[in-house]
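A quick write-up on the structure given underneath.
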Amino acid sequence: MPARYAERIIMVSMDKLVSLCKRRGFVFPSSEIYGGLNGCWDYGPLGVELKRNVKQAWWDDMLRHHDDTLASAGAPSAFSMVGLDSALLMNPTVWEASGHVGGFSDPMVDCRETRARYRGDQLVVFALVFVADDGNSEEVDEILFAAPGEAGKTADAELIGVHRKRIGTIAKRFGKSAPDHLALHDDALTDPELRSKILAPNAKEPGSLTAPRAFNLMFKTHVGAMEDHSSVAYLRPETAQGIFVNFKNVLDTARVKLPFGIGQIGKAFRNEINPRNFTFRSREFEQMEIEFFCRPEEAAQWYTFWRDRRFQWYQDLGIRAENLHLREHDKSELAHYAAGCADVEYDFPFGQSELEGIANRADFDLSQHMQTSGKDLRYFDDQATSDELRRFLPHVIEPSAGADRGTLAFLCDAYHEDEVGGETRTVMRLHPRLAPIKAAVFPLVKKEGMPEKAQEIYRSLRKHFNVAYDEKGAIGRRYRRQDEAGTPYCITVDGDTLAQGSVTVRDRDTLEQHRVGVDELQNFLRDAIEP
RNA sequence: GCGGGUGUGGUUCAAUGGUAGAACCUCAGCUUCCCAAGCUGAUGACGCGGGUUCGAUUCCCGCCACCCGCUCCA
């Protein structure tokens with residue numbers, strides 16, 4: 001390594017990364033000339049190559065290169081892997097069966113003061129009512145109370161309990177120890193004037209509640225040109241359900257036996273309340289999901305296998321181990337049906353966050369679809385020793401990865417600044433498999449036949465790799481430009497090339513150069529790039 | 001969703017109630033046999049919409065976007 005070179009370890013800031021992504025064409029704000037759209041991003045010329053390489057690496061490593069005749073290291077047995085590309089739009093009943101429609105469409109109310117969030121239908125608003133001595137009721141409506149409960153069903157005593165002190169103070173003004181009864185205000189939350197008088201649970205001042213807002217994280221759309229109830233459809237919030245609903249089709253046609261996995265890469269949409277952190281939480285994003293089907297009694301073993309394998313995958317593609325974490329969920333964090341779940345997390349500049357979740361979902365999804373569709377989705381085992389074992393629902397291990405989150409993590413981990421000859425050099429140390437451009441070909445100077453020779457080399461490599469050609473400006477500048485793009489190798493035609501048939505190959509990370517025969521270039525690059 | 005901050009060429013930053021400057025990048029030319037060299041020239045910006053004003057990039061209001069802290073994340 002040249003003496004003028006000095007490594008400098010820095011933690012990349014999001015500002016620097018976002019700026020580089022824009023400057024070099026990795027990522028742009030979506031529809032930027034119109035002011036952008038919250039939570040949406042576009043991949044530029046370099047970004048699309050990088051992200052495609054991430055997806056390609058996943059597809060190759062998980063599916064295409066999988067050998068289903070051998071038990072991989074750490075696997076309980078051999079298994080098969082097949083792919084799928086299901087439609088983004090599906091019959092809306094899918095989302096009823098999966099639980100996505102039911103649980104996430106309630107109006108929510110926030111408290112600005114206590115920062116609590118309530119379901120609108122579970123917040124009861126009432127006014128204190130005092131009965132005067134002459135029997136006329138006298139309602140105190142300048143103070144309304146909100147309390148958790150179910151509309152119309154909560155006992156007066158229970159409501160009073162929540163705000164006993166405050167109610168007591170008001171009651172004193174009427175010379176009583178407690179209101180005679182409570183009047184319910186069903187519409188108080190939606191009326192801005194009344195809402196401003198509501199005292200929220202545990203709040204000190206009234207008027208801290210927001211208007212009820214519908215929260216459904218699924219994007220709704222319509223199938224066909226007519227917009228009516230029968231045409232409602234959803235943009236899928238995950239690709240997984242497309243796999244589950246095709247379980248029987250794959251089983252019947254792909255000649256697979258348990259255990260086997262179905263992989264899929266595709267867009268998904270979630271109407272996130274609060275998109276944040278560059279591309280990390282986007283409303284439109286891409287998932288790389290596997291549903292791995294196995295015998296119930298083997299599920300725990302397969303869960304461990306997939307968890308460890310997926311954790312290792314990121315390291316194999318260059319992410320530094322110290323920046324990766326495997327976090328096993330507590331029992332309390334697990335969904336009711338899940339038997340285990342772990343997150344692969346990365347130390348982003350904005351904090352440790354999830355790249356991928358590996359979950360043991362048992363037979364929840366298949367049984368939901370079996371129940372809702374009425375179709376028998378059980379696996380038939382003709383080798384079973386008894387009738388009870390012959391038909392059963394497989395259990396499912398689900399490694400679910402975010403392609404955009406992975407791409408962002410690779411970008412963050414690749415970003416380096418070091419010092420060359422006293423100047424700061426920005427370099428993206430992307431794994432050669434992921435680098436958008438595999439090599440750049442330069443003539444050292446723009447004369448003496450060097451451009452022609454360099455172009456000849458460029459054209460021959462172009463058939464096999466994504467390579468770039470550049471003859472503009474000083475050679476050092478061209479090297480630096482490629483450093484920011486993450487190009488691992490720069491091939492330079494110089495004065496000796498014509499006589500010797502060799503070029504210099506400059507390494508992005510070490511800055512070292514060595515001569516390689518022109519005939520050897522293709523093999524050299526293939527060795528460097530292949531997994 | 002709440003609170004705070006920021007919006008000026010591709011990037012990073014100035015200045016200004018009256019013609020918006022720079023550095024780097026980019027492009028063209030000259031030069032150049034290995035790490036952002038030099039010279040000449042060129043392109044290119046006040047987030048959007050209202051208001052105040054003779055005149056607004058500047059002041060006011062609204063919106064949008066991004067960043068930070070909470071919150072949320074099936």
Side-chain angles (χ1 to χ4, degrees), chain A residues 2 4-5 13-16 18-25 28-41 44 95 98-105 108-117 208-213 215-218 237-238 240-241 270-278 280-281 283 333 335-338 341 343 349-351 353-354 357 359 400 402 418-427 442-448 450 471-484 490-497 503-508 511-513:
Chain A
R4 62 177 186 278
Y5 170 90
S13 69
M14 271 332 262
D15 283 351
K16 279 187 174 180
V18 170
S19 155
L20 180 137
C21 283
K22 177 76 189 291
R23 191 168 70 243
R24 292 273 103 129
F28 306 127
S30 162
S31 46
E32 192 186 10
I33 62 170
Y34 291 105
L37 182 64
N38 186 238
C40 296
W41 301 89
W95 306 112
S98 70
H100 287 80
V101 171
F104 302 97
S105 53
M108 303 297 280
V109 172
D110 288 318
C111 175
R112 293 187 191 91
E113 184 182 323
T114 64
R115 289 177 169 166
R117 172 165 291 171
S208 63
L209 293 177
T210 63
R213 291 174 302 251
F215 273 66
N216 191 331
L217 269 51
M218 282 199 293
E238 61 176 32
Q241 297 304 323
R270 293 182 195 178
N271 211 348
E272 296 285 357
I273 297 160
N274 191 4
R276 266 292 171 85
N277 297 326
F278 201 29
F280 182 81
R281 181 172 294 121
R283 291 201 161 111
E333 272 183 277
H336 64 89
Y337 50 80
C341 188
D343 285 345
F350 47 80
S353 298
E354 179 188 351
S400 171
D418 51 29
E419 226 170 277
V420 178
E423 291 201 352
T424 298
R425 177 181 76 132
T426 302
V427 52
F442 306 143
L444 184 57
V445 290
K446 207 160 59 172
K447 59 185 181 187
E448 291 167 26
M450 291 183 205
E471 60 179 28
K472 298 189 182 76
I475 187 77
R477 185 181 301 273
R478 284 178 265 161
Y479 285 146
R480 297 296 177 83
R481 235 195 313 259
Q482 295 299 328
D483 288 339
E484 282 202 343
C490 289
I491 296 162
T492 303
V493 169
D494 61 16
D496 297 332
T497 298
V503 291
T504 62
V505 174
R506 177 256 198 190
D507 184 285
R508 174 195 68 198
L511 301 179
E512 281 171 353
Q513 286 178 284

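Each chain gets a letter, A, B and so on, in the order its sequence line appears, and its residues count up from 1.
Within the structure, a side-chain polar atom (N or O) of Lys447(A) is placed less than 4.0 Å from OP1 or OP2 of U32(B). Distances shown here put a side-chain N or O of Lys22(A) below 4.0 Å from the OP1 or OP2 atom of U11(B). Taking side-chain N and O atoms only, Arg480(A) has no distance below 4.0 Å to OP1 or OP2 of C25(B).
The side chain to side chain contact (heavy atoms under 4.5 Å, CB included) search around Glu354(A) returns Asp343(A), Arg405(A), not counting sequence neighbours.
Contacts of Gly39(A) with the nucleic acid, taken as non-hydrogen atoms under 4.0 Å apart, involve only primed sugar atoms and P, OP1 or OP2. Ser98(A) comes within 4.0 angstrom of nothing in the nucleic acid, heavy atoms only. Nucleic acid contact for Glu484(A): base, since at least one base atom lies under 4.0 Å from a heavy atom of the residue. When heavy atoms are screened at a 4.0 angstrom cut-off, Glu32(A) is found touching no nucleic acid atom at all. At the heavy-atom level, Arg270(A) lies under 4.0 Å from base atoms of the strands shown. Among the atoms of the strands shown, only primed sugar atoms or phosphate atoms (P, OP1, OP2) are found under 4.0 Å from some heavy atom of Asn277(A). Residue Glu238(A) is out of contact with every strand shown, counting any heavy-atom pair closer than 4.0 Å. Nucleic acid contact for Asn38(A): sugar-phosphate only, since backbone atoms but no base atoms lie under 4.0 Å from a heavy atom of the residue.
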For every nucleotide of nucleotides 41-49 of chain B, 5' to 3': is a protein heavy atom under 4.0 Å from its base (B), only from its sugar-phosphate (S), or from neither (-)? ---------
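Listed nucleotides: G3(B), C34(B), C33(B). Nearest to the side chain of Tyr479(A): C34(B).
Side-chain contact annotation: Arg283(A) with Asn38(A), donor-acceptor N/O pair under 3.5 Å present.
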Secondary-structure string, 5' to 3', Watson-Crick or G-U under 3.5 Å, | for another-strand partners, for RNA chain B: (((((((..((((....[..)))).(((((.......)))))....(((((..]....))))))))))))....
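One can place CD of Glu512(A) at 15 Å from P of C35(B), the figure rounded to the nearest angstrom.
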